[in-house]
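Here is the structure we will look at, set down as structure tokens.
Every chain is numbered from 1, with letters handed out A, B, ... down the list of sequences.
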Number of protein chains: 2
Amino acid sequence: METLYIVKIGGNVIDDENKLKLFLNDFSQIPGLKLLVHGGGKIATEVSKALGIEPQLVDGRRITDAGSLRVVTMVYAGLINKNIVAQLQALQCNALGLTGADANLIPAKKRQVAAIDYGFVGDIEAAAVNAPGLQLFLNQGFTPVVAPLTHDKAGNLLNTNADTIASTLAVALASLYQVSLIYCFEKKGVLQNVQDEKSLIPEITPATYPDLRANGIIAQGMIPKMDNALQALEQGVKAVHIAHADDLLLITQQQLAGTVLHL
Amino acid sequence: METLYIVKIGGNVIDDENKLKLFLNDFSQIPGLKLLVHGGGKIATEVSKALGIEPQLVDGRRITDAGSLRVVTMVYAGLINKNIVAQLQALQCNALGLTGADANLIPAKKRQVAAIDYGFVGDIEAAAVNAPGLQLFLNQGFTPVVAPLTHDKAGNLLNTNADTIASTLAVALASLYQVSLIYCFEKKGVLQNVQDEKSLIPEITPATYPDLRANGIIAQGMIPKMDNALQALEQGVKAVHIAHADDLLLITQQQLAGTVLHL
């Protein structure tokens, strides 16, 4: 099977024009099949504020109301997605910007948990992903650039976490490609001590993960990322990397960089 | 050759949620190959105002500065395009939202006329359109939904008139399909008297056009539309229709509606 790199890039890089440029330059140089999933960054928050849309919180959890959905649709699917596409095209990378609604790629279910209505938030599963559609785009030489929006097949867009989209697409495509999933962010990888970039944990497996979590080394926002990643491995994804955006090409060149997760 | 309907829908319908719903329902029922080009509408103006971006005019002409480009990228490629895609998907129409940057479909040149810098406005020509890319999407069963944005292949998005995109795509695809280009708007077609919906001119040809223009019956905004349309016919497009959005299916069912332009 051919190798497919699924790369997730987060807000920290997206918010910085120069960092984004450097990252896209590296991404465009990955040979073979690749797919980019991008997050949102601060731009959505800025646009919300400017439009006078206040974040809605229920029991401390953020709710995607109709106004917020409009903003993320504008910012994620419009501003960020199309600027990335235009920049990749300038780098001779044949980018195709997509949401989960386009080509019905990622149907989702509106989240409703007990008494809390999270608003327009979409929960997704790998079995529902239109893998043949993505395969078609990939095999025709396109590089899909996926914004973190899905749809309910009833005409509504939904907001879905970009990390979750990346791991779900990785699982959905694992029977068609040798998938390497790479989460790029602003740290060198998973760190023993989050203040010390030299304390990188080079390798995590299902055997070493429980201790790292019990000791609080993996905590907070990293927990869902890791849970998703380990699930992805169990469902056929070949490797998951968590690394600094600057180290993307080291990983695709199979040099040591970041944290690798494997079974 | 197979028939391809290229339909342009303007701001008047896009601005009205119910009108848009009815229109998309009709559009989804066109059998065979179809492609939708949408304009902008008032939403971009409203978002600009809310963000405090003032329209820039030079010699009475609107300039697309960096702030305006950000707004149209958000509104056209994000909000409008993806909501249309999600609604068409709910109608079992396999919509794929695109700008001219995606898959390098519509490369453009930044307009610069004499002393006036129009800002981020893109001029396009049929010969530069990536017709094989569009053909691939169409033949795979997708319905392209095209937002009025192009790119300069140097990483910049550009704003291009939606009418022009529709006619340029029609010409670019005329050697591959029997193209019918349908401009949908809020009037019954080209009218003898713009106040009287019953004064429809059912047919215009290159022979009858000069008189209509000389008599002022075709004036103002209709002139570039007509010039584009007649050029499209001369370059191989089979027919151009100018009609009310409500009459779309009458035209595709080859019943009499709107104004038809032919050679």
Might you point out which heavy atoms bring B/Ala50 and A/Leu51 nearest each other, and give the distance in Å?
->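 Here B/Ala50 and A/Leu51 meet closest at CB-CD2, 3.2 Å.
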When every non-hydrogen atom of A/Leu79 is compared with those of B/Thr73, the smallest separation belongs to CA-CG2, 3.8 Å
Interatomic spacing from CD in A/Gln87 to CG in B/Leu157 - rounded to 0.5 Å = 9.0 Å
Relative to chain A, which segment of [X] carries a heavy atom at a distance below 4.5 Å: side chain, backbone, both, or neither?
{"X": "B/Lys153", "value": "backbone"}
{"X": "B/Phe137", "value": "side chain"}
{"X": "B/Ile43", "value": "side chain"}
{"X": "B/Asn94", "value": "side chain"}
{"X": "B/Asn83", "value": "both"}
{"X": "B/Ala95", "value": "backbone"}
{"X": "B/Leu136", "value": "side chain"}

Output the option from B/Gly133, B/Ala103, B/Ala77 having the highest count of non-hydrogen pairs under 4.5 Å with chain A.
-> B/Ala103
Let me know if A/Gln92 has heavy atoms under 4.5 Å from chain B in its side chain, its backbone, both or neither.
-> neither
